Amino acid sequence: MPPVPKTMSGILITENGGPEVLQYKTDIPVPVLKEGEVLVKNEFMGINYIDTYFRTGLYKAPLPLITGKEAAGTIIAVHSSTGGFKEGDRVTYLHDHAYAEFTAVPASKLAHIPDGISSQQAAASMLQGLTALTFAREAAGLDKTLGLGEGPWVLVHAAAGGTGTNLVQILSVMGAKVIGTAGGAEKCELAKKNGAQWAIDNKNEDVVARVKEITGGHGVDVVFDGVGKATFDGDLEMIARKGTLVSFGNASGPVPPIDVLKLGAKNIKLMRPVLFNYIVTQEERDSYTAELFDLLKSGKVNVKIHDIYPLKDVARAHSDLEGRKTTGKLLLKL
Ligand code: NDP
């Protein structure tokens, strides 16, 4: 392994705000490893909507901050006691400070990238793929529908986005009848290509009316909503009796406080899950990661890469994501 340099490039935030607060620096100190950590030279970093929340301050973290939650690369140094991980291993992880040349990662947060999966695929799939898998199974309890013939009606908002694509593909494998919403005809086509049986153009169609029409008045049994504020009230209208509303994001802003009495109208179950709370134990992380890798290898999950942005152009990537100009996954590369 080449010697570890003293400084590195990365994206630093010193104040919260718009994409302009993402500063590209080339003189950030390389992290010093602590017990149980390895140093990963990042090859591809995944961009996720959560990165924008830490940038704006919607989600709090001490500043200055190197943001970013997911990457894939090669281990170039190890502290003692890092389990089965050694220099030269190809790995992927979900951990803080990924928008940088090097990241110190606790060995417990790492996974070896198996043969047959590229670093690009791994960095593009971990956070959004595990979100889709854990939410479908644990938030909505949908794996029970596997192999049971006609599945429930499920609606996925932003079905052509990163998480939406993973959800549509995994729910289709599970046997659900998937309706996607997306902004514009092109995104709707993509949602259908990914396995949505119906796609509703949220810019030009009345989503609630179309859902009632498609489901013959039944409504949807499950809603996956990462859009948040703009779609929440419509979700309550189009959900079926005894339905499950999985509200998991804030792309249009956080959902305001709600009156729980509204849920009684149809005995609705409301969930607000967070991926990281489904992968707390080593067993949870390892088993879900192994399952995701199998889905990737079999091609059942195959997310389109929207673009690979140079790390220094991260502000443009955030603007594109927040401007609804993207489909599938956005990646960064040095
Ligand atoms: P996406 O790739 O899905 O991009 C966001 C999409 O949301 C846009 O492309 C757009 O799709 C749709 N959208 C609708 N209204 C707006 C709006 N006003 N502003 C911006 N976008 C809008 O992003 P991600 O897959 O990274 O994340 C999707 C959501 O899932 C986010 O809210 C994120 O926080 C959440 N999430 C939550 C997790 C958790 O643990 N709770 C884990 C992972 C993701 P269109 O134009 O087609 O409507």
Side-chain angles (χ1 to χ4, degrees), residues 18-19 45-56 58-59 67-70 94 98 123-140 155-170 179-192 194 196 199-205 207 223-235 245-255 270-280 284 288 292 301 303-307 317-332:
M45 305 79 149
I47 295 181
N48 294 287
Y49 223 96
I50 193 172
D51 305 340
T52 72
Y53 306 148
F54 281 106
R55 193 202 71 220
T56 60
L58 177 66
Y59 291 178
T67 188
K69 291 268 180 204
E70 147 185 76
L94 295 181
S125 306
M126 285 293 283
L127 196 145
Q128 294 168 341
L130 290 175
T131 297
L133 199 51
T134 56
F135 288 12
R137 179 159 304 142
E138 299 206 36
L155 183 120
V156 177
H157 284 296
T163 308
T165 300
N166 280 278
L167 274 167
V168 166
Q169 293 180 348
I170 287 170
I179 305 171
T181 75
E186 230 173 278
K187 288 186 177 185
C188 283
E189 268 317 300
L190 183 61
K192 277 188 165 174
N194 288 329
I200 306 173
D201 180 348
N202 61 31
K203 287 192 172 158
N204 296 299
E205 294 183 272
V207 174
V223 180
F224 288 97
D225 188 346
V227 173
K229 188 177 176 183
T231 43
F232 188 84
D233 287 343
D235 295 343
L245 169 48
V246 183
S247 174
F248 65 96
N250 328 289
S252 65
V255 176
L270 175 61
M271 287 287 301
R272 206 310 180 184
V274 171
L275 165 65
F276 297 102
N277 296 325
Y278 282 131
I279 48 169
V280 172
E284 286 169 337
Y288 275 121
L292 178 65
V301 168
V303 177
K304 168 184 164 290
I305 305 295
H306 172 75
D307 206 348
H318 274 217
S319 297
D320 289 349
L321 183 64
E322 291 170 295
R324 302 174 67 174
K325 292 181 187 158
T326 69
T327 53
K329 185 70 184 182
L330 288 72
L331 290 172
L332 293 168

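Because only heavy atoms are used, hydrogens play no part in the values below, and waters and symmetry mates are left out as well, while side chains stay in. Given the structure is predicted, the values throughout are model-derived calculations rather than measurements. Start at 1 and go down the list; that is how both ligands and their atoms are numbered.
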Please tabulate protein-ligand N/O pairs under 3.5 Å for ligand 1, atom names and distances to 0.1 Å.
residue  : atom   : partner : partner atom : Å
ligand 1 : 2 (O)  : G162    : N            : 2.9
ligand 1 : 19 (N) : A251    : O            : 3.1
ligand 1 : 25 (O) : Q128    : NE2          : 3.2
ligand 1 : 25 (O) : T163    : N            : 2.8
ligand 1 : 25 (O) : T163    : OG1          : 2.7
ligand 1 : 26 (O) : Y49     : N            : 3.0
ligand 1 : 26 (O) : Q128    : NE2          : 3.1
ligand 1 : 32 (O) : Y53     : OH           : 2.9
ligand 1 : 32 (O) : G226    : O            : 2.6
ligand 1 : 32 (O) : N250    : N            : 3.1
ligand 1 : 32 (O) : A251    : N            : 3.4
ligand 1 : 34 (O) : Y53     : OH           : 2.7
ligand 1 : 40 (O) : L275    : N            : 2.7
ligand 1 : 41 (N) : F248    : O            : 3.0
ligand 1 : 41 (N) : R272    : NH1          : 3.4
ligand 1 : 41 (N) : P273    : O            : 3.0
ligand 1 : 46 (O) : K187    : NZ           : 2.7
ligand 1 : 46 (O) : R324    : NE           : 3.0
ligand 1 : 46 (O) : R324    : NH2          : 3.3
ligand 1 : 47 (O) : G183    : N            : 2.8
ligand 1 : 48 (O) : N202    : ND2          : 3.0
ligand 1 : 48 (O) : R324    : NH2          : 2.9

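Residues satisfying the side chain to side chain contact (heavy atoms under 4.5 Å, CB included) criterion with A185, sequence neighbours excluded, are absent altogether.
Defined by atom type and a distance below 3.5 Å, a donor-acceptor pair is missing between the side-chain atoms of Y49 and Q128.
Side chains of L331 and I47 form no contact here, defined as non-hydrogen atoms less than 4.5 Å apart.
Residue-environment remark: CD (E186) stays at or below the threshold of 12 foreign heavy atoms within 6.0 Å.
Listed here is the closest heavy atom pair of V227 and T231: CB-OG1, 3.5 Å. Closest non-hydrogen pair, L94 versus I279, comes out as CD1-CD1, 3.9 Å.
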